[in-house]
Amino acid sequence: MRQPRLSSVIERRLLVNYRLAPEVAARLLPDGLRPQLVRGHAVAGICLLRLGDVRPSWAPKAVGLRSENAAHRIAVEWDGPRGVETGVYIPRRDTASLLNTWAGGRLFPGEHGRADFEVRETSGELRIAYATRSGDTRVDVTVEMTPELRGSELFDNLRQASLFFERGAKGYSPTAAGALEGMELHTRAWRLDACRIVSAQSSFFESLPQGSATLDCALVMRDVPVNWRPLPTMHPGLPLARRAGAKPR
């Protein structure tokens, strides 16, 4: 089934970022993808995303849906038909939406685990916690809004961090059959603001070898209209032309 283009509003997107040992990141990736390194570190994290007005691009806003979602991500690069491309590999997605659980892997990429979310949000502070109903994934993050990005070893300033994540707008998720299905985020209103991490717990990152994952920084996006466009399916292990969905030369 060809996946439709989707429209939505990112009501809130909190990116909690870790510096990850490259060799550990590489073990988490399928064939064909490799960690995208920044200053010798792989970049990984959690995207805590509230979407509103989610609908096929041709549909009116009145039919749009709203949901809390989460994705664990690793920044990656791969050899595409026109050279090196960048994006994120998403080994795990979770959602509070029963519809998203059903539609993930059918109408849009990525099978979703069902999860319960707890959100507390003020003008200066944000706390998001969730636990999957299967009990295998837990996240609890609290951040404070700040005017500038400070303390990051990956990025010198907010502009540098924002540009890195804007260039990583392609996201690929594994299917049960072993393929990688992708969507690309498009917006003319890209904007990220800086946060200070007050506390952060993640069963995913805490399960990795001790010392291999270190919290680095957090960024937040609010009230940004976006479109999501399907990408050609990748088939790890196949020759490049077939893996990228291109016609053999």
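One finds no salt bridge joining Arg229 and Glu184 here, because no Lys/Arg side-chain nitrogen approaches an Asp/Glu carboxylate oxygen to under 4.0 Å.
Minimum heavy-atom separation, Val38 to Leu154: CG1-O, 3.3 Å. Here the closest non-hydrogen pair linking Leu180 and Pro174 is CD2-CA, 3.8 Å. Pairing each heavy atom of Arg12 with each of Leu126, the nearest pair is CD-CD2, 3.8 Å. When every heavy atom of Trp78 is checked against every heavy atom of Gly87, the shortest pair comes out as CZ3-N, 3.5 Å. When all heavy atoms are compared, the tightest approach of Trp228 to Ser8 is NE1-OG, 2.8 Å. The two residues Pro22 and Gly40 have their closest heavy-atom pair at CG-O, 3.3 Å.
A donor-acceptor pair is defined here as one N or O able to donate and one able to accept, closer than 3.5 Å; no such pair exists between the side chain of Thr175 and the backbone of Glu181. A donor-acceptor pair under 3.5 Å links the side-chain atoms of Thr132 to the main chain of Thr137, judged by distance alone. At least one donor-acceptor pair under 3.5 Å links the side chain of Thr187 to the backbone N or O of Pro225. When atom types are taken as modelled, the side chain of Ser203 and the backbone of Arg138 share a donor-acceptor pair closer than 3.5 angstrom.
The hydrophobic clustering, which links ILVMFWY residues whose side-chain heavy atoms are closer than 4.5 Å, places Leu48 and Val9 apart. Met234 is not connected to Val88 by any chain of hydrophobic side-chain contacts under 4.5 Å among Ile, Leu, Val, Met, Phe, Trp and Tyr, and they are in different clusters. Two different hydrophobic clusters hold Val226 and Ile90 under the rule that ILVMFWY side chains link at heavy-atom gaps under 4.5 Å.
Atom SG of Cys195 and atom CG of Leu14 lie 5.5 Å apart (nearest 0.5 Å). The CG atom of Leu6 sits 11.0 Å away from atom CG of Leu185, with the distance rounded to the nearest 0.5 Å. Within the model, atoms CE of Met183 and CG of Asn227 stand 9.5 Å from one another, a figure rounded to the nearest 0.5 Å. To the nearest 0.5 angstrom, Arg222 atom CZ is 11.0 Å from Glu11 atom CD. Between the CD1 atom of Ile197 and the CG atom of Asn17 there is a distance of 7.5 Å, given to the nearest 0.5 Å. Rounded to the nearest 0.5 angstrom, Glu68 CD and Asp116 CG are separated by 11.5 Å.
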| query | Stepwise, does the side chain to side chain contact (heavy atoms under 4.5 Å, CB included) test hold for Ile10 with Leu49? | reply | CA-CA 7 Å; Ile10 292 179; Leu49 179 67; 3.8 Å; yes
| request: Run the numbers on Phe164 and Val43 for side chain to side chain contact (heavy atoms under 4.5 Å, CB included), then give the verdict. | output: CA-CA 10 Å; Phe164 175 85; Val43 182; 4.1 Å; yes
| request: Decide yes or no on side chain to side chain contact (heavy atoms under 4.5 Å, CB included) for His186 and Arg5, but give the supporting numbers first. | output: CA-CA 11 Å; His186 288 261; Arg5 293 189 179 191; over 6 Å; no
| task | Go through the steps for Val16 and Val139 under the test side chain to side chain contact (heavy atoms under 4.5 Å, CB included), then give the verdict. | result | CA-CA 11 Å; Val16 182; Val139 168; over 6 Å; no
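Sparse packing is recorded around CZ of Arg188, with 12 or fewer heavy atoms of other residues, nucleotides or ligands lying under 6.0 Å away. Residue-environment remark: CD (Glu206) exceeds the threshold of 12 foreign heavy atoms within 6.0 Å. Around the CD atom of Gln160, the shell of radius 6.0 Å holds more than 12 heavy atoms that belong to other residues, nucleotides or ligands. The local environment of CZ in Arg159 is sparse, with at most 12 non-hydrogen atoms from other residues, nucleotides or ligands closer than 6.0 Å.
Take Asp94 and apply the side chain to side chain donor-acceptor pair (under 3.5 Å) test, not counting sequence neighbours, and it matches Arg92, Tyr130. Listed by chain and number, the residues in a ring-ring contact (aromatic ring centres under 6.0 Å, His included) with Tyr89 amount to none (sequence neighbours excluded). Residues meeting the side chain to side chain donor-acceptor pair (under 3.5 Å) test with Asp193, sequence neighbours left out: Arg191. Under the side chain to side chain donor-acceptor pair (under 3.5 Å) criterion, Arg19 pairs with Asp216, sequence neighbours left out. The side-chain contact (heavy atoms from CB on, under 4.5 Å) test applied to Leu158 returns Leu149, Ala194, Leu219, not counting sequence neighbours. For Ser57, the side chain to side chain donor-acceptor pair (under 3.5 Å) test picks out Ser7, with sequence neighbours left out.
Side-chain atoms of Arg13 and Phe165, non-hydrogen and from C-beta on, never get closer than 4.5 Å to each other. Tyr18 is not listed as a side-chain neighbour of Phe204, based on a closest heavy-atom distance of 4.5 Å or more. Two residues are said to be in side-chain contact when any heavy atoms from C-beta on lie closer than 4.5 Å; Val220 and Met145 meet this criterion. Asp140 has its side chain within reach of Arg127: a pair of non-hydrogen atoms, C-beta onward, lies under 4.5 Å apart. Residues Glu85 and Leu231 are not in side-chain contact: their nearest non-hydrogen atoms beyond the backbone lie 4.5 Å or more apart. Residues His41 and Thr214 have side chains not in contact (no heavy-atom distance under 4.5 Å, counting atoms from C-beta outward). The closest side-chain heavy-atom distance from Glu23 to Pro209 is not below 4.5 Å. Residues Glu148 and Asn157 form no side-chain contact, since every pair of their non-hydrogen atoms from C-beta on lies 4.5 Å or further apart.
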